[in-house]
Structure formats: C-alpha cells, structure tokens
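Hydrogens, waters and symmetry mates play no part in the numbers below; they use all other heavy atoms, side chains included. Proteins get letters first, then strands, A, B, ... in listed order; numbering begins at 1 in each.
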Protein chains: 2
Amino acid sequence: MRNHLKQLRGEQGWSQAELAKRLDVTRQTVIALEKGKYDPSLPLAFRISRVFGLPIEKLFDPENP
Amino acid sequence: MRNHLKQLRGEQGWSQAELAKRLDVTRQTVIALEKGKYDPSLPLAFRISRVFGLPIEKLFDPENP
DNA sequence: CAGTCATGTAAAGCACGCTTTACATGTCGA
DNA sequence: TCGACATGTAAAGCGTGCTTTACATGACTG
C-alpha cells in the first residue's frame with residue numbers, strides 16, 4: 001500500500017531515528033514502512049496518524065480505490 | 001483495540017457470513033475481529049471502512065486516546 | 001422431529017509486522 | 001582527516017493476522 005511517510009517526515013525535518021522514537025518503533029520499521037516493504041499494523045497506523053496530525057485515509061492509499 | 005463491527009453489522013442486518021463475503025475474508029476472521037481477538041491489517045481496515053461507509057477512525061478506538 | 005441458518009470454539013499452518021544486532025556508505029563540520 | 005549523523009541492507013526470531021477444516025449449539029421452520 002502506498003504511503004506518504006517519507007515526504008511528510010521531510011516536511012517536519014525529522015530523521016528516521018527521530019520519527020521512530022516518536023512512533024515508539026525501531027528505525028528498521030520506519031525504513032521498511034517508507035520503502036513500502038510492508039504495511040503498518042492498525043495500532044501503528046493510528047500512531048502515525050497522530051504524529052503527523054492527519055487521518056489515516058490521508059496517509060495511506062489502498063490500491064483498489 | 002475496540003471496534004464496533006458487531007453493532008454495525010447488526011444495523012445492516014448482515015450475518016457474519018454475509019459480512020465475510022463482502023470483506024473477502026473468512027467467517028473465522030469476522031468472528032475474531034468482532035470478539036476483539038486481534039486487529040485487522042490496514043488493508044482489511046480500509047475494506048471494512050468502505051463496506052460500512054465510515055472512516056477508519058469511526059470504526060476503531062485506539063486504546064491511548 | 002428433521003433440516004437449515006447463525007453463531008461459536010479449536011487447532012494447525014503460512015505469511016507478515018516488528019525487533020534486535022550488525023555492518024556499509026555518504027555527507028558534513030571541527 | 002576524523003568523527004558523528006543519516007540512510008541503507010541483511011538475517012534471525014517471535015507473535016499476530018488470516019486461512020482451512022471440523023465440530024457444537026441454539027433458534028426457527030416445515
């Protein structure tokens with residue numbers, strides 16, 4: 001599933017390590033998510049939503065619209 | 001994570017089998033979700049959102065608000 | 001009463017989400 | 001040039017998300 005994490009993180013001026021800390025995950029997880037290697041769990045998706053102040057629907061694009 | 005699937009399914013008058021079909025999962029998955037045994041994956045959360053016509057945020061309550 | 005429908009439990013199996021650890025590369029400032 | 005920081009890759013390990021199959025129970029209906 002596509003996401004805009006890398007771009008949004010850039011807008012905030014955060015490093016991967018900084019974002020990982022805010023999301024309470026490891027940097028590896030941030031890398032994997034940004035690279036689209038897999039989708040976040042629902043709880044993590046909610047945390048991402050809160051960190052960026054955007055609804056989940058604005059952060060992720062389900063393939064079949 | 002809490003959800004309102006059982007109630008919403010009831011409002012639509014759907015059986016678990018009917019909802020499972022609409023979500024393209026098995027009935028076991030519907031049962032597990034309604035019982036809160038685990039959270040749906042993000043792609044499934046989007047499908048649930050579409051089936052009920054509600055945003056993900058209205059369907060699931062992350063514990064830490 | 002027999003049959004069907006809705007709901008539920010149980011268990012095995014596979015792929016994914018996330019962790020931990022380690023190492024490699026490029027860039028930048030002292 | 002050395003060190004720190006940012007980004008990236010790799011691999012092993014664990015729990016969870018979802019499937020398949022099977023069986024049990026209660027309610028309703030012919």
Side-chain angles (χ1 to χ4, degrees):
Chain A
M1 190 181 304
R2 286 225 186 133
N3 67 67
H4 312 117
L5 297 187
K6 190 159 190 170
Q7 179 194 346
L8 289 166
R9 177 173 64 80
E11 292 175 4
Q12 301 297 323
W14 294 337
S15 68
Q16 292 174 338
E18 171 73 22
L19 176 57
K21 190 177 174 185
R22 288 173 186 264
L23 293 175
D24 194 27
V25 295
T26 63
R27 192 168 63 87
Q28 292 316 307
T29 298
V30 168
I31 291 173
L33 294 177
E34 288 189 351
K35 296 248 142 187
K37 191 170 178 185
Y38 49 69
D39 300 320
S41 65
L42 190 55
L44 178 50
F46 270 100
R47 299 207 296 280
I48 296 170
S49 170
R50 286 216 257 136
V51 160
F52 289 115
L54 292 171
I56 293 177
E57 282 81 358
K58 285 271 169 63
L59 294 167
F60 303 92
D61 296 325
E63 321 284 75
N64 291 327
Chain B
M1 189 181 304
R2 285 225 187 132
N3 68 65
H4 312 118
L5 297 187
K6 190 158 189 171
Q7 178 195 346
L8 289 166
R9 178 173 63 81
E11 291 174 5
Q12 300 297 324
W14 295 336
S15 68
Q16 293 174 338
E18 172 72 22
L19 176 56
K21 190 178 175 184
R22 288 174 185 265
L23 293 174
D24 195 27
V25 295
T26 63
R27 193 168 62 88
Q28 291 315 305
T29 298
V30 169
I31 291 173
L33 293 177
E34 287 189 351
K35 296 247 141 189
K37 190 170 178 183
Y38 50 67
D39 300 320
S41 66
L42 191 54
L44 178 50
F46 270 99
R47 299 208 296 281
I48 296 170
S49 170
R50 285 217 258 135
V51 160
F52 288 115
L54 292 170
I56 293 176
E57 283 80 358
K58 286 271 168 64
L59 294 167
F60 302 92
D61 296 325
E63 321 284 73
N64 292 326

Exercise for review: Describe the nucleic acid contact of B:S15 in one word from base, sugar-phosphate, nothing, applying a heavy-atom distance below 4.0 Å.
Suggested key: sugar-phosphate

Revision key, fill the gap. Against the side chain of A:L33, the closest entry in D:dG8, D:dA22, C:dC18 is C:dC18

Review point. Any donor-acceptor pair under 3.5 Å linking the side chain of B:R47 with the backbone of B:L23?
Key: yes

Review point. Which angle, rounded to 10°, do you find between the first-five-pair axis and the last-five-pair axis of the helix from C:dC1-D:dG30 to C:dA30-D:dT1?
Key: 30°

Review point. Is A:T26 touching bases, backbone alone, or none of the nucleic acid, heavy atoms closer than 4.0 Å?
Key: base

Check your understanding: Between B:Q28 and D:dT20, does any side-chain N or O lie under 4.0 Å from OP1 or OP2?
Key -> no

Review point. Does A:K6 have a side-chain nitrogen or oxygen under 4.0 Å from the phosphate oxygens OP1 or OP2 of D:dA6?
Key: no

Exercise for review: For D:dT19, take OP1 and OP2 only and decide whether either is under 4.0 Å from a side-chain N or O of B:T29.
Suggested key: yes

Check your understanding: Rounded to the nearest 0.5 Å, how far apart are OH of A:Y38 and CG of B:L42?
Key -> 13.5 Å

Review point. Under 3.5 Å, side chain of A:D39 to main-chain N/O of B:S41, donor-acceptor pair present?
Key: no

Revision key, fill the gap. Note: for A:I31 and A:P43 on DNA chain D, the residue whose nearest nucleotide lies more 5' is A:I31

Exercise for review: Ignoring backbone atoms, establish whether A:S41 has a side-chain N or O less than 4.0 Å from OP1 or OP2 of C:dC18.
Suggested key: yes

Exercise for review: Please determine if a side-chain N or O atom of B:K37 lies less than 4.0 Å away from the OP1 or OP2 oxygen of C:dA10.
Suggested key: no

Check your understanding: B:Y38 side chain: which of D:dT7, D:dG17, D:dT9 is closest?
Key -> D:dG17

Exercise for review: Using atom types as modelled and distance alone, determine if a side-chain donor or acceptor of A:R27 lies under 3.5 Å from a backbone N or O of A:A17.
Suggested key: no

**Study point:** Euclidean distance, atom NZ of residue A:K21 to atom P of D:dT7 [Å, nearest integer]
**Key:** 16 Å

Check your understanding: Is the distance from OP1 or OP2 of D:dT9 to the nearest side-chain N or O of A:R27 less than 4.0 Å?
Key -> no

